[in-house]
There are 2 protein chains.
Amino acid sequence: MGDEIQGEKPTLRTLAQETGFAVATVSRALAGDPRIAATTRETVTAAANRLGYVPDRAARRLRTGRTQVISLLLNTQHEFLGFTHEFLAGITEVLAGTGYSVTVVPDSPGQDRLAPVRTILRNNLADGLLFTRTEAFDPRVRLLMEADFPFVSHGRTEFTTPHPWVDYDNEAFARLAVAHLVAKGRRRISLVLPGDQFTFTQHLRYGFLSAVRAAGIDHEIVAGVTLDSPPTAIGAALMQRRHAPNPPDGYVCVGEVTALLALAALTDTGGMHGVDADIVAKRASPIFDNIRPRIDTVFEDLRATGRAMAEMLLRRMNGEPQERLNRLFMPETDL
Amino acid sequence: MGDEIQGEKPTLRTLAQETGFAVATVSRALAGDPRIAATTRETVTAAANRLGYVPDRAARRLRTGRTQVISLLLNTQHEFLGFTHEFLAGITEVLAGTGYSVTVVPDSPGQDRLAPVRTILRNNLADGLLFTRTEAFDPRVRLLMEADFPFVSHGRTEFTTPHPWVDYDNEAFARLAVAHLVAKGRRRISLVLPGDQFTFTQHLRYGFLSAVRAAGIDHEIVAGVTLDSPPTAIGAALMQRRHAPNPPDGYVCVGEVTALLALAALTDTGGMHGVDADIVAKRASPIFDNIRPRIDTVFEDLRATGRAMAEMLLRRMNGEPQERLNRLFMPETDL
DNA sequence: TGGGTTAATTGAAACGTTATAAATCGGGCG
DNA sequence: CGCCCGATTTATAACGTTTCAATTAACCCA
């Protein structure tokens, strides 16, 4: 890493003048073209380092059509606590030093989720795409597959054609959570689900239902609200059930906010955690270590998820076959 | 917004052929150059809309040197809960539709904070910069001012030259928090500060100290840890003080995690919130509405902060005088 | 010796845009 | 009638890179 800073920003032409080779040769040498003599390559790279040459992104992009940009579609409405931070940290960590930069594009919640994708494709704004909150028949996945555009989804789909994805085993999480509550002697377990359109909702439901049925206990999936409902609405729904006869004595919470809401509903109705009901929650941030009473948690490592998605996208852009680009994170727990 | 999608992506040349004008004329017409006849401008813009013309970013960038990119330096270590999400949402909200895209660059915590800034300047990776966790004599501010590069800092500095910033009145927050605790009859108030290098640490300290002195009560600034210390370390420090003689009966907490730690320390030593001690915390996310026992909070609207910073940066890039580009958010509370 | 072959290098074009300087075209004026 | 002027338009170069096709140099073998 040479630090000999000149007045002017060095370009290929600077290097060409400096080394006596033609611009084309310099370009090839730096690209590692095998047709270039080894000695030439050395001379050129030496000069490049000495002058601190960095290829101009705009020029390269104009010429090659590659943007050196990866776009991340980020939900700007509600988030699981710390999701954005951890996820983004994982992504930037992997991409640092690769020459790719990450742009964040808002994924308008109620709006047309295809619009930003269309813009990116049409105006060639990125070389690859990452997104979250994948739906079972996600129109973005369909569009991107048709366009043969590299992407990695956070969450699986139900399309038959394979595509790269990274997911968390929410079915296993639900089973685990139920099993833990059953082991504590709980007989009626409550669950708030995300919206039906998301694939992971089906995984959660399936894992939950088969676990409670196998254990032969009661269950209820809270009606009328989803994880994306306003917290007050969720709180009200939970509250209502606590006042009704035969309230649940166990809660499986997919988000941290829901866990706090459940805890608050319990407390506010005079119940005691660990006595009248137990809660198991999925957590993405370490904040729950500090909550009293302590809630049992299952960890989802979103930083690792971000890393995995970024790495996978790089491999996809390098042309690896899609079938193999999948990764399912298992729940981490010491329950 | 015409939707007549052709096989090829339309360029200025396409429009030139279509309208019969020269490429240069078309470019000027779209740029709104006053030398172009009104009728011509109409013809050209009509054609542009019809064909769905979008200027190529790479070409424009290569030619003009402007990147149409705004970079955000984001701390990837610790965050205040929900900070990243809200902040980013505010920024993207303002920038949507302006043609600017946001890239996220990790601001390595212990590392050289100048390195990413240098890279951005040197390789011309952005037209403007946003960053957080500003230091009293922040080297990034110095460098950017020297280079006359547009930026907005989250937090003030102590440089004499003015520069654009958006800040939260942490001094007012500290006074408010102390006043509230004093009103509750608390006589010994504890505070965990961020690292000394940050400007807002000085504001917090000043507000805190002058408020406790004016009220004539005891105080302690927890030694040996900062807000960036590992939560376990902060927890241990708080715990130690609770076991020592004459423990604090009031806590001013700058972050949500610290508030939970203080609450946990209180609970774990058999104390009761509202009886043995009170807590006032700054919150950036609505999560605290759900914590039991309820903690008194003062709100910092980070989404509005992100919006303000993005808007201010746009104005700075449009050449507005720097002296006027400042905004101080006041604490929002119903204490 | 000379044609054929390989290895290495190079000139030139192109990507799509903007900016500089020059060209065109009616009129208006002396 | 010729000249100049303002209003429009245009040809052209340039931004920095990659790549196609062509050139040069060196070498081998008949």
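Worth knowing before you read on, the calculation uses all heavy atoms, side chains too, and leaves out hydrogens, waters and symmetry mates. Naming: A, B, ... by sequence-line order, numbering from 1 per chain. Model, not experiment: these values are computed from the prediction.
- Side-chain atoms of A:T157 and A:H163 form a donor-acceptor pair, as typed in the model, at a separation below 3.5 Å.
- Heavy atoms from other residues, nucleotides or ligands lying under 6.0 Å from CZ of A:R142 number 12 at most.
- Atoms CD (B:Q17) and C1' (C:dG16) sit 13 Å apart, rounded to a whole Å.
- The A:T40 side chain lies nearest to C:dT9 when the options are C:dG16, C:dT9, D:dT8.
- Regarding B:R35, its CZ atom lies at a distance of 18 Å from the P atom of C:dT24, rounded to whole Å.
- Across all strands, B:T11 comes closer than 4.0 Å only to sugar-phosphate atoms, never to a base (heavy-atom distances).
- The shortest side-chain heavy-atom distance between B:N123 and A:R57 does not fall under the 4.5 Å cut-off.
- Distance A:D56 CG to D:dG16 C1': 6 Å, rounded to the nearest Å.
- Of the candidates D:dT10, C:dA12, C:dT9, the closest approach to any side-chain atom of B:A22 belongs to D:dT10.
- The shortest heavy-atom contact between B:T98 and B:V94 is CG2-O, 3.5 Å.
- When the side-chain nitrogen and oxygen atoms of A:R60 are compared with OP1 and OP2 of C:dC15, none of them lie within a distance under 4.0 Å.
- Considering only side-chain atoms of B:L62, the nucleotide from D:dG16, C:dT9, C:dT17 that sits closest is D:dG16.
- If you check every strand for non-hydrogen atoms under 4.0 Å, B:T64 touches sugar and phosphate atoms only.
- Considering only side-chain atoms of A:F21, the nucleotide from C:dT9, D:dG16, D:dT10 that sits closest is C:dT9.
- Counting to the nearest Å, the P atom of C:dC15 and the CZ atom of A:R66 are 16 Å from each other.
- B:R57 places its CZ atom 17 Å from the C1' atom of C:dC15, with the value rounded to the nearest Å.
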A:K9 vs A:D56, test: salt bridge (Lys or Arg N to Asp or Glu O under 4.0 Å). Steps then yes/no. CA-CA 10 Å; A:K9 206 183 105 186; A:D56 183 277; 3.2 Å; yes
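- Between A:Q68 atom CD and D:dG16 atom P the separation is 18 Å, expressed in whole Å.
- Minimum atom distance to the side chain of B:T25 is reached by D:dT9, of the listed D:dT9, D:dC15, C:dT17.
- Separating the CZ atom of A:R61 from the C1' atom of D:dC15 is a distance of 15 Å, rounded to the nearest angstrom.
- Residue side chain B:R41 does not reach the base of D:dT9 through any donor-acceptor N/O pair under 3.5 Å, judged by distance alone.
- Counting any heavy atom pair closer than 4.0 Å across all strands shown, B:A37 reaches sugar-phosphate atoms only and no base atom.
- Of the possible donor and acceptor atoms, one in the side chain of B:T199 sits under 3.5 Å from a partner among the backbone N and O of B:R156.
- Comparing D:dA11, D:dC15, D:dT9 by their nearest atom to the side chain of B:I36 picks out D:dT9.
- With C:dA19, C:dT9, D:dT17 as the choices, the nucleotide that has an atom nearest any side-chain atom of A:P55 turns out to be D:dT17.
- In this structure, A:R13 atom CZ and C:dT10 atom P are separated by 16 Å, rounded to whole Å.
- Applying the 3.5 Å distance criterion, the base of C:dT10 shares a donor-acceptor pair with the side chain of A:R28.
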